[in-house]
Amino acid sequence: MARNLIDIVDFTTEEIEQLIAVAEDIIENPVKYQDACAHKQLATLFFEPSTRTRLSFESAMLSLGGSVLGFSSASSSSTSKGETVGDTIHTVSCYADIIAMRHPKEGAPYAAAQHCDIPIINAGDGGHCHPTQTLTDLLTIHREKGCLSGFTIGFCGDLKFGRTVHSLVNALSRYENINFVFISPEELKLPRYVKEEALKKKGIPYTQTTSLEEALPQLDILYMTRVQKERFFNEEDYIRLKDSYILTPEKLVHAKADLSILHPLPRVNEISVAVDQDPRATYWKQVKNGKFIRMALILKLLGIEV
Amino acid sequence: MNIDSIHNGVVLDHIQAGKSMEIYKHLNLDKLDCSVAIIKNARSARMGKKDILKIDSPLELDLDVLGYIDPNITVNIIKDGKRVEKKKLELPKRLTNVIRCHNPRCITVSESQLDAIFLLSDPDKRVYRCAYCETASDKK
């Protein structure tokens, strides 16, 4: 059976560290990897729109010398005719060597993996998981801080529906001496099960607050998130909560000089454009890192060593 | 109250009082063409009150279903009027098509032909999570 990445917990800490090491080697020596996936095909099956994730997968595969096929919306696939996820994946697995899929339904990649003998990468399934974003975040933190332990990280915004937050909290809970600070409105607090299973069970301390200003001075990393319109059933709730936190240069005055500001993007208005000029803004580097870690992941799942 | 002993069949003992009808339904005992005795609120030294099910026919039981509903049930296999086997249950690690996911965003809701798979995530609190979307089951 093929090795998949459905959830970040599918990989051990050692495997994640190996991926980060390969990604960093790719950054240093891109030429070494440029033909590593020659004659291999990646299918990008995006049943829901995406800019960064789909393009970074495609760019990753092209930079490895491979090729890419796929679709970028459900309306341009047989899903619009009522085909099941399993049948679509079974079909595509006859053409490609590896699949990256995004689907609005939670658990769709797990269902797909039951029908498939080539590797499947979950490129986001509704509000559930987005493990390659987590790998991107881990690589970014590693490159900025030099390690994955011994810092205070604040998560700000929509912590209830924010799948990137849940996955990153889970992943970081494996490392030592990390202080977690959760900053959100009451209605968008981190779900209890994430706190119970990722933190409380392991005895990891955390604090919760509604004030970004109060939390900011103690943070080494600030992970901002967007309040996602597509996760709300009720538009009134979305409108009420969407502007809860907006990061501005004024708020950053009291932050540490070596703070790293991360954001999985896209942003709406939660980070003011003026912050982009601040050397602490790390989110554009994060986008670039996303491509490199996906290159490392494709190599790993295809069993290719360079 | 006297209930005749069974000759060849199964006795489910130590059922938590009030749960016998749930088990009756989950095991589809209404479809059997044999005697089935449902004893509710029987006295028990250990439990105070308990339910008992006596099924007068040898049958293959889905022990995962039983273990999920009540892991404290004792399963007694009766042959020629004697108990030949006594099975203690435990919480199953995996449930297939026993319960369905209630998360409206889960793929198993929109594609109902998929097997509903739940995995035991917290044995102490008896929490099962959908293998697809990780939503906890309603039941405790």
Side-chain angles (χ1 to χ4, degrees), chain A residues 4 6-10 47-48 74 79-80 82-90 101-116 120 122 124-131 160-161 163 166-167 169-170 191-198 200-202 228 230-234, chain B residues 16 19 22 26 28 60-72 89-140:
Chain A
N4 306 304
I6 306 297
D7 190 323
I8 194 67
V9 297
D10 295 345
F47 298 82
E48 136 180 297
T79 306
S80 59
E83 186 173 59
T84 63
V85 170
D87 282 358
T88 304
I89 295 296
H90 202 154
M101 69 175 284
R102 167 169 290 189
H103 199 285
K105 291 289 179 184
E106 298 175 10
Y110 181 91
Q114 317 297 312
H115 296 84
C116 193
I120 294 215
N122 180 2
D125 58 335
H128 180 221
C129 281
H130 192 358
K160 182 179 180 185
F161 297 112
R163 60 189 172 188
H166 305 172
S167 293
V169 169
N170 250 314
R192 184 183 294 175
Y193 80 90
V194 179
K195 285 183 279 196
E196 291 274 345
E197 292 184 13
K200 280 189 184 167
K201 260 189 192 176
K202 299 174 191 169
Q228 301 170 88
E230 62 270 32
R231 306 288 171 230
F232 284 83
F233 284 129
N234 180 343
Chain B
Q16 188 187 326
K19 292 251 184 172
E22 191 179 339
H26 267 290
N28 296 318
E60 284 290 315
L61 288 172
D62 187 337
L63 297 182
D64 283 352
V65 172
L66 276 179
Y68 170 67
I69 297 172
D70 184 351
N72 299 314
L89 298 179
E90 54 186 37
L91 280 177
K93 293 197 166 44
R94 181 186 173 98
L95 293 171
T96 303
N97 296 328
V98 177
I99 44 176
R100 303 290 308 185
C101 188
H102 61 82
N103 170 13
R105 297 179 176 96
C106 180
I107 187 73
T108 61
V109 173
S110 52
E111 295 194 5
S112 57
Q113 84 289 351
L114 289 167
D115 279 339
I117 303 168
F118 278 76
L119 306 173
L120 182 60
S121 77
D122 187 338
D124 296 335
K125 293 183 181 165
R126 293 183 62 192
V127 176
Y128 283 85
R129 291 198 178 279
C130 174
Y132 298 82
C133 71
E134 294 183 86
T135 299
S137 65
D138 282 333
K139 193 177 172 64
K140 291 260 173 170

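Lettering of chains follows the sequences in order, A, B, ..., and the numbering in each one begins at 1.
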Handout entry: Nearest heavy-atom neighbours spanning A:E196 and B:K125
Key = OE1-NZ, 3.7 Å

Practice task
Answer yes or no: does atom NE2 of B:H26 have more than 12 heavy-atom neighbours from other residues, nucleotides or ligands under 6.0 Å?
Solution key: yes

Handout entry: Side chain, backbone, both or neither of B:D115 within contact of chain A (heavy atoms, under 4.5 Å)
Key = neither

Problem - Non-neighbouring partners of B:K93 that pass salt bridge (charged side-chain N to carboxylate O under 4.0 Å, His left out), sequence neighbours left out - result: none

Problem - Closest heavy-atom pair and its distance - B:E111, A:G86 - result: OE1-N, 4.5 Å

Exercise for the section: For the residue pair A:Y193 and B:V127, establish whether any side-chain heavy-atom pair is separated by less than 4.5 Å. Expected result: no

Handout entry: Non-hydrogen atoms of B:I107 and A:A111 that approach each other most closely
Key = CG2-CB, 4.2 Å

Problem - Spacing of NZ belonging to A:K201 relative to OG belonging to B:S121, to within rounding of 0.5 Å - result: 6.0 Å

Practice task
Check whether more than 12 heavy atoms from other residues, nucleotides or ligands sit under 6.0 Å from atom NZ of A:K160, and answer yes or no.
Solution key: no

Practice task
Locate the shortest heavy-atom distance separating B:I117 from A:Y110; write the atom from each residue and the value.
Solution key: CD1-OH, 4.3 Å

Exercise for the section: Name all residues meeting the salt bridge (charged side-chain N to carboxylate O under 4.0 Å, His left out) criterion together with B:E134; count only those two or more places apart in sequence or in a different chain, and write none if there are none. Expected result: none

Practice task
For each of B:C106, B:A131, B:C130, tally heavy-atom pairs with chain A at distances under 4.5 Å, and name the one with the top tally.
Solution key: B:A131

Problem - Closest approach of A:F161 to B:R105 (non-hydrogen atoms, all atoms of both residues) - result: CE2-NH2, 4.3 Å

